[in-house]
Amino acid sequence: MALHIFNTLTGKKEPLQPRNPPRVTAYICGVTVYDLCHVGHARAYVSFDVAVRFMRRRGYDVKVIRNFTDVDDKIIARANKDGVPAADVSEKFIKEFNVDMGALKVQPVTVEPKVTTHMPQIVALVQKLVERGSAYVVDGVGGAKDVYYSVDSFPTYLKLSGRSKEDLQAGARVEVDERKKDPLDFALWKSAKPGEPSWDSPWGKGRPGWHIECSAMCLEHAGPTVDIHAGGRDLIFPHHENEIAQSEPVNGAPLATLWMHNGFVNIDNEKMSKSLGNFFTIRDVLQRVSPDALRYFLLTTPYRGPINFADTLLDDAERRVETLYESRRRAAEYVLQNAPEDGPGYREVVKGTKAEGMLGAGIGNLFDEAMDDDFNSARALGVLADAVRFANTLMDGKESELLGKKLPPKTRARLVRGIWEELAGIIAVLGVVDEDPAGYLDRLRARRCARHGIDATWVEQRIAARAEAKARKDFAAADAVRAELAAKNVVLKDSATGTRWSVEDRVAG
RNA sequence: GGCCAGGUAGCCAAGCGGUUAGGCAACGGUCUGCAAAACCGUCAUACGCCGGUUCGAAUCCGGUCCUGGCCUCCA
């Protein structure tokens, strides 16, 4: 099966059919840079990051365009409030955005266009719309003009959201503006009020309306039709609807073949919003858990549906990621210690056994099959779980139940190596458990030590004392140390190579 | 009011006509000086409710209840 993606425009999963394969163009609506990003942004950009990584795994040459809207009412409002130029606000939050995306391991996109560097294209597009009668000019501020888009000029307006103009007006929350021909008409160009950033145009000093920048930048970087246009659900109306209305009459072609929209992040089953105060920035969250944990959490639900955000769920994800890193580290050590022999891979070994149904088709294939179904990351994590569990079973030497026979360590090592080699490709797409396990686990432990006020040196000393007690068979003393450390959330893990320790985070957060 | 999602075992969450998703928690077991981790088993013939279609429905159809969202800026 080929990659299928849910298309908002048709309401169906459709095969990805790029116009010029293997090239895929994708325009992802970026942020308006007036504040720090929240977990809703994290969900959108992590979802699309995984989608892009998977398309690349599938052999597509993906060009990703993700804009910054750096001219906007909210930026101006923020600048006025802080008493700084608007450009300072947008520049600051572009930097912050990049910091957050970097932390989340969202891969850099191909092009990051900004409104301020695409003014000529925007003005030219507005001009074309006026010329062909899609837009009209009215009096604005101080002799300058405003330009409005006429929704009546575009018969298929609202085809993406499947609404009707009557429905929207029934909401009766559309602002009344005497100069508009239709209440649903929206601004393409706004005349500048005193003190606002502005650019020269045929209509005097002004700035673009909210939607036009994406039409202009998408055209500039992807051409008349982009293969995939993506953003949050909330953008379906009005933003994407308006983009379509602005672009299609001028381009004479569909703006996008596929429209992808990610679902919302809810907090305690309510929409996250600033007014409700249930609002978390990405860095708030990364204060609590690792980027892997946040990514893993976001991937536990397919991108299109809502996802409920809660500390307990994040903590669950972090523990799960920790387990996976532990397994990965253990696998690496196991392979190193057991000198894997050459021979058939796990798929052949599993044939005709209980484990065949689980992994016989091949881990990579199962993963691809899951992701081909509209990037079903939840299913993909199931594949990951099955594979890791099987590798652990082998390392435990408990494979006879599954395989009907016991294998020598060298054979097990061969299979474990093969499994993790395949898993490497998967975790590279998901962007979780893809770091050096020792480094990750050390950082995790250090963070928990800090949170619980634990001194690592002291722990090591206590462990040494316990080792001495154990050496002289004084198990009572050894157990006393275990209990002493357990009281501080420190858990000891004895192994052939010595005692490892970790910090449990379950109590007190 | 209009439009759109969703309701799956203690919790999270796949599946969307027939064959074990997966994870977490709990409990039992293997292992261990004791543990932890890991693995095995149990919880699990679960799918909001009522009808209908079908040899067969969590999956399709009709109705109904509930939750959330959009219709204003929002990923």
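Proteins get letters first, then strands, A, B, ... in listed order; numbering begins at 1 in each. Nothing here was measured: the structure is a model prediction, and the numbers come from that model. Hydrogens, waters and symmetry mates are skipped; everything else that's a heavy atom, side chains included, is used.
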Nearest listed nucleotide, side chain of Phe237(A), among C71(B), G33(B), G68(B): C71(B)
Salt bridge (charged side-chain N to carboxylate O under 4.0 Å, His left out) involving Lys159(A) - partner list, sequence neighbours excluded: Glu248(A)
Listed partners of Glu484(A) passing salt bridge (charged side-chain N to carboxylate O under 4.0 Å, His left out), at least two apart: Arg462(A)
Nucleotide nearest Val265(A) (side chain, heavy atoms from C-beta), chosen from C73(B), A75(B), C34(B): A75(B)
Residues which pass salt bridge (charged side-chain N to carboxylate O under 4.0 Å, His left out) with Asp479(A), listed by chain and number, not counting sequence neighbours: none
Met260(A) versus Ala51(A), closest heavy-atom pair with distance: CE-CB, 4.4 Å
Selection from G22(B), C34(B), C73(B) that lies nearest to any side-chain heavy atom of Asp386(A): G22(B)
Donor/acceptor link under 3.5 angstrom from Arg482(A) side chain onto base of C34(B): yes
Please tabulate the protein-to-nucleotide N/O contacts below 3.5 Å involving nucleotides 38-40 of chain B, giving atom names and distances.
unit_1	atom_1	unit_2	atom_2	d
A38(B)	O3'	Asn392(A)	ND2	3.1
A38(B)	O2'	Arg330(A)	NH1	3.4
A38(B)	O2'	Asp396(A)	OD1	3.4
A38(B)	O2'	Asp396(A)	OD2	2.7
A38(B)	N3	Asp396(A)	OD2	3.2
C39(B)	OP1	Asn392(A)	ND2	3.3
C39(B)	O4'	Asp396(A)	OD2	2.9
C39(B)	O3'	Thr393(A)	OG1	3.2
C39(B)	O2	Lys398(A)	NZ	3.4

Counterpart residues, side-chain hydrogen bond (donor to acceptor under 3.5 Å, both in side chains), relative to Glu468(A) (two or more places apart): none
His229(A) side chain reached by Trp259(A) side chain, heavy atoms, under 4.5 Å: yes
Atom pair distance, as rounded to whole Å: CG in Leu104(A) and C1' in A75(B): 13 Å
Distance test, side-chain N/O of Lys271(A) to OP1/OP2 of C70(B), below 4.0 Å: yes
Under 3.5 Å, N/O pairs linking protein and nucleotides 12-19 of chain B:
unit_1	atom_1	unit_2	atom_2	d
A14(B)	O3'	Asn376(A)	ND2	3.0
G15(B)	OP1	Asn376(A)	ND2	2.6

